[in-house]
Amino acid sequence: MTAEIQQAVLEIAAGTEAIRQPDIVPVDPAGTLMPKQESASIGRRGRVFQWVIPALLAGAMGLGLALYNQHEQSVNQEVMSLQQQAKKEALAGHYSEAVKLLQKAQDKRPHYDALTRDQELAAKAAQLQTQLAGASEQLKAQKLDEGEKALTKISDTIGGREEPLFAPLQKELESNQVTLTVLRVKSELDKLTTVDALADKLDTISGLSGKEAAAVKSQIISKIVGLSYSSAEEKLRKKDFSGALEEVDNGLSYDTSNKKLTAYRTQIEQAKQEFEQAEAERIQLAQQKAAEEDLNNRTAAVSVSNVEAVLDNYGDLMISGTAVNSATRPIYSISVSLELYSSSTGAYLGTVYADVSPFRLEPGESGSFSTWYYGVYEQATVSAVNASWYLE
């Protein structure tokens, strides 16, 4: 009840008490008793006032109570509105704004336990949100250990909370945990040099979502493809066609639409077919002409020229030259045998072998070769003493 209403009720009550004083025989202004008839008339009027005034008092009190109830309902509605706004802000993750609204509501209803509880939860959520922001900054600064400790502490606090209020925080926490995992993997990528090791890291982030996780997945797959290609090249040079195909297929299992690996697989299969066919022909030719085949016949198909030997600052010789197909048929898998002699004494230094590139030469085509001979420490002359190849 407001102070004004209370004052009005007290004033009306005071007036009623005055009217209810014991009856007094009326006198005229001269001090003489009034006639009985007049006295009775006044008495009747007094009795009228005796029931009118209480009725007025009851009406005033009812009005005061009605005004008081109306005021209280208005305050309650305002408090409920503030509480609903605070709930909406909290569910949207705007915890500081929710705390302000709840404090405003609590100022109007300081003994409302629900408001106190809601404000405490919102304040706790706001504090955790600040801690999450700090952990996020640590991750951005590549302080992964510090960031991980902070996220673990926050996870222990809100991991088991089921209130809807904490849902935005839990979502933000999950996002930061994904970022941490991605950054951990990225920091280790440069140290991983095998497909198996990279595949393990790919499994680590396979269940993660988001742009950062997708970017790292792409980076890992790209590195797997590169390693698969390099391994396949190395095995192809050794004529290990099955091993080369296995390496390519392993890379394709992570990136089935990779154009580079797909094209290289076709190239390996073609090289395999050509090699097998050439090998079969070579064997057949060797069986037919075993008696005729000797060093002169072999060197007659290959002419070697422009042989040079350059001594570098470390005492090693870099030897290069040109080989021409002088035969009437294409040849492939050409190898040249080179002997080295001291330029100053003429002493024999050693023999080296060099493969000619490209792998196959048409009649009249030329190829080149280069190789090293280490630890000579002097100028040397080089001569081609032998060559080997396969005829198609």
Side-chain angles (χ1 to χ4, degrees), residues 230-241 243-244 264 267-268 270-392:
S230 298
S231 298
E233 274 190 322
E234 183 178 352
K235 291 186 177 181
L236 181 60
R237 283 195 295 269
K238 297 177 180 179
K239 307 297 186 293
D240 182 5
F241 300 104
Y264 197 51
Q267 182 179 343
I268 294 171
Q270 290 176 346
K272 181 175 182 292
Q273 291 175 1
E274 291 175 1
F275 179 81
E276 290 173 349
Q277 182 179 354
E279 191 70 7
E281 291 176 358
R282 184 190 66 81
I283 293 173
Q284 184 179 4
L285 183 61
Q287 291 173 346
Q288 292 174 354
K289 298 183 177 181
E292 303 173 352
E293 202 169 49
D294 58 5
L295 180 62
N296 290 330
N297 290 335
R298 268 198 273 255
T299 56
V302 177
S303 299
V304 179
S305 61
N306 301 324
V307 179
E308 293 181 351
V310 179
L311 184 67
D312 66 9
N313 295 332
Y314 302 98
D316 303 325
L317 281 175
M318 199 282 280
I319 304 164
S320 61
T322 302
V324 179
N325 180 6
S326 301
T328 59
R329 297 168 56 186
I331 59 176
Y332 63 92
S333 190
I334 307 162
S335 179
V336 180
S337 174
L338 305 163
E339 289 185 352
L340 287 74
Y341 297 88
S342 171
S343 296
S344 58
T345 65
Y348 172 76
L349 298 177
T351 301
V352 294
Y353 299 89
D355 294 329
V356 177
S357 179
F359 182 75
R360 180 178 181 276
L361 295 177
E362 289 285 342
E365 281 189 336
S366 63
S368 61
F369 59 86
S370 63
T371 186
W372 287 87
Y373 193 82
Y374 300 100
V376 178
Y377 301 104
E378 64 175 318
Q379 293 290 345
T381 58
V382 181
S383 61
V385 296
N386 194 10
S388 63
W389 70 92
Y390 293 111
L391 284 168
E392 286 192 354

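Because the structure is a prediction, the values reported are computed rather than measured.
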#### Entry: Donor + acceptor pair across side chains of S326, S303 (<3.5 Å)
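Yes - a donor-acceptor pair under 3.5 Å links their side chains.
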### Query
Between S343 and E378, is any side-chain donor less than 3.5 angstrom from a side-chain acceptor?
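S343 vs E378: no donor-acceptor pair found between side chains.
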### Task
Indicate yes or no for a side-chain donor-acceptor contact from N306 to the backbone of T322 under 3.5 Å, with no hydrogens or angles considered.
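No, the answer is negative, given that no donor and acceptor are paired below the 3.5 Å cut-off.
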Quick one: closest heavy-atom pair of [X] and [Y], and the distance?
{"X": "A309", "Y": "V382", "value": "CB-CG2, 3.5 Å"}
{"X": "Y332", "Y": "E279", "value": "OH-N, 3.8 Å"}
{"X": "I268", "Y": "A244", "value": "CD1-CB, 3.8 Å"}
{"X": "S337", "Y": "T351", "value": "OG-CG2, 3.6 Å"}
{"X": "A232", "Y": "Y264", "value": "CB-CE2, 3.7 Å"}
{"X": "P330", "Y": "E362", "value": "CG-OE1, 3.5 Å"}

Is the closest side-chain heavy-atom distance between [X] and [Y] below 4.5 Å?
{"X": "Q273", "Y": "F275", "result": "no"}
{"X": "F369", "Y": "V307", "result": "yes"}
{"X": "V310", "Y": "L317", "result": "no"}
{"X": "L340", "Y": "T381", "result": "no"}
{"X": "D355", "Y": "V336", "result": "no"}
{"X": "D312", "Y": "W372", "result": "yes"}

### Query
How far apart are the C-alpha atoms of L338 and Y373, what are their side-chain angles, what is the distance that settles it, and do they pass the side chain to side chain contact (heavy atoms under 4.5 Å, CB included) test?
CA-CA 10 Å; L338 305 163; Y373 193 82; over 6 Å; no
What's the separation between atom [atom1] in [X] and atom [atom2] in [Y], rounded to the nearest 0.5 Å?
{"X": "Y341", "Y": "L349", "atom1": "OH", "atom2": "CG", "answer": "9.5 Å"}
{"X": "D240", "Y": "K272", "atom1": "CG", "atom2": "NZ", "answer": "10.5 Å"}
{"X": "S333", "Y": "R360", "atom1": "OG", "atom2": "CZ", "answer": "13.0 Å"}

### Query
Would V302 and V324 satisfy side chain to side chain contact (heavy atoms under 4.5 Å, CB included), going step by step from the backbone distance to the final call?
CA-CA 6 Å; V302 177; V324 179; over 6 Å; no
### Query
Does the pair L361 and I334 meet the rule for a side chain to side chain contact (heavy atoms under 4.5 Å, CB included), with working shown?
CA-CA 9 Å; L361 295 177; I334 307 162; 3.3 Å; yes
### Trace of the side chain to side chain contact (heavy atoms under 4.5 Å, CB included) decision for D316 with L311
CA-CA 6 Å; D316 303 325; L311 184 67; 5.9 Å; no
### Query
What do you reckon, is OH of Y348 surrounded by more than 12 foreign heavy atoms closer than 6.0 Å?
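Yes - once you tally the heavy atoms of other residues, nucleotides and ligands closer than 6.0 Å, there are more than 12.
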